[in-house]
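I have placed the structure first, in the form of structure tokens, so that the comments after it can refer back to it.
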Amino acid sequence: MNGFVVRPVRALRGSAALLPATLFFTLAAGGVSAGTVAETAIRWGLIGRWSIDCRIAADHDRGAVLSYQVVGRSKVVLHRDFGDSEDQADVIAAQISGDNLLDLRIYFPLLKQTRELGLQRLPDGGIRAIYNRTRNGAYSIMDGRITASGEPTPPQFRCGQ
């Protein structure tokens, strides 16, 4: 023998029997989203037009207008208007985390790049980016700050439809 004592496995009894199910549901609650990308985006309140200042036209220097739109039954598209240029990207995944952070994965065809973006809802109804990174972990926004300047990300507000 190798010194180990082999004992038969007994069925879990009482509260110990609930441990696997409790653990599963606790872990699953960390990502609260279920359903399609569109359902998640609608539930969180993302759909619509957003800008730093809705009173001014889209401008590369003063702020883009971002528009999240539902296409079909389950797809969400991000349209970015920079004033002098525009592009469109597919939101390929959306999940609401336990702290109500909206985690998005967006494919930008012109850049041939998928980015991961986290948005936080602000008490006044605005939103702000908490992180923005490539799939390999290169951040342009980290912990709510623009990595190039260290400045906090500006809030964006919903523009009239």
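The chain is numbered in sequence order, starting from 1.
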Which atom of [X] lies closest to which atom of [Y], heavy atoms considered:
X	Y	result
P152	I146	O-CD1, 4.4 Å
S51	C159	CB-SG, 3.6 Å
T40	G35	OG1-O, 4.4 Å

**Request:** For the pair R43 (side chain) and I96 (backbone), establish whether a donor and an acceptor sit closer than 3.5 Å, ignoring hydrogens and angles.
**Result:**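 The answer is no, because no donor-acceptor pair under 3.5 Å joins these two groups.
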**Prompt:** Yes or no on side-chain contact (heavy atoms from CB on, under 4.5 Å) for I92 and V37, after CA distance, side-chain angles and deciding distance?
**Reply:** CA-CA 7 Å; I92 56 177; V37 171; over 6 Å; no
Distance from [X] atom [atom1] to [Y] atom [atom2], nearest 0.5 Å?
X	Y	atom1	atom2	value
I42	T36	CD1	OG1	7.0 Å
W44	I127	CH2	CD1	5.0 Å
Q156	R49	CD	CZ	12.0 Å
E39	R73	CD	CZ	9.5 Å
S67	W50	OG	CH2	11.0 Å

**Prompt:** Other hydrophobic cluster members with V77, side-chain heavy atoms of Ile/Leu/Val/Met/Phe/Trp/Tyr under 4.5 Å, chained?
**Reply:**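 Besides V77, the cluster holds V71.
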**Message:** Test question: given the 4.5 Å side-chain rule for I, L, V, M, F, W and Y, name all other residues clustered with V65, or answer none.
**Reply:**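 The other cluster members (ILVMFWY side chains, heavy atoms under 4.5 Å, direct or chained): none.
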**Item:** Transitive ILVMFWY side-chain link L119 to I130, under 4.5 Å
**Value:**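 L119 and I130: separate clusters.
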**Prompt:** Any link between L66 and I141 through a network of hydrophobic side chains (Ile, Leu, Val, Met, Phe, Trp, Tyr) touching at under 4.5 Å?
**Reply:**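 Each belongs to a different hydrophobic cluster.
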Disulfide bond (SG atoms under 2.5 Å apart) pairs, two or more places apart, involving [range]:
range	answer
residues 95-154	none
residues 62-97	none
residues 61-110	none

**Request:** List in chain and number order the residues that pass salt bridge (Lys or Arg N to Asp or Glu O under 4.0 Å) with R55, two or more places apart in sequence or in another chain; answer none if no residue qualifies.
**Result:**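 Applying salt bridge (Lys or Arg N to Asp or Glu O under 4.0 Å) to R55 gives D53.
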**Request:** Please name all residues satisfying salt bridge (Lys or Arg N to Asp or Glu O under 4.0 Å) with D87, sequence neighbours left out, ordered by chain then number.
**Result:**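 Counting only residues at least two positions away or on another chain, D87 forms a salt bridge (Lys or Arg N to Asp or Glu O under 4.0 Å) with R80.
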List the atom pairs, with distances to 0.1 Å, where a side-chain N or O of residues 103-118 and a protein N or O form a donor-acceptor pair under 3.5 Å, not counting sequence neighbours.
from	atom 1	to	atom 2	distance (Å)
D103	OD1	Y131	OH	2.5
Q113	OE1	R115	NH1	3.0
R115	NE	N132	OD1	2.6
R115	NH2	N132	OD1	3.0
R115	NH2	S140	OG	3.1
E116	OE1	R133	NE	2.7
E116	OE1	R133	NH2	3.2
E116	OE2	R135	NH1	3.2

**Request:** Sorted by first residue and then second, give each side chain to side chain donor-acceptor pair (under 3.5 Å) pair with at least one member in residues 145-154; sequence neighbours left out.
**Result:**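 Pairs touching residues 145-154 that pass the test: R128-T153.
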**Set of residues satisfying side-chain hydrogen bond (donor to acceptor under 3.5 Å, both in side chains) with respect to D81, sequence neighbours excluded** =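 Not a single residue meets the side-chain hydrogen bond (donor to acceptor under 3.5 Å, both in side chains) criterion with D81.
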**Item:** Pairing residues for T134 by the side-chain hydrogen bond (donor to acceptor under 3.5 Å, both in side chains) criterion, not counting sequence neighbours
**Value:**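 side-chain hydrogen bond (donor to acceptor under 3.5 Å, both in side chains) check on T134 returns N136.
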**Prompt:** For residues 69-106, which residue pairs qualify under ring pair (Phe, Tyr, Trp, His ring centres under 6.0 Å), counting only residues two or more places apart or in two chains?
**Reply:**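 Checked against ring pair (Phe, Tyr, Trp, His ring centres under 6.0 Å) - neighbours excluded - the pairs reaching residues 69-106 are H60-F82.
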**Message:** With a 6.0 Å cut-off (strictly less than), is the heavy-atom count around CG of D143, excluding the residue itself, greater than 12?
**Reply:**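 No - once you tally the heavy atoms of other residues, nucleotides and ligands closer than 6.0 Å, there are 12 at most.
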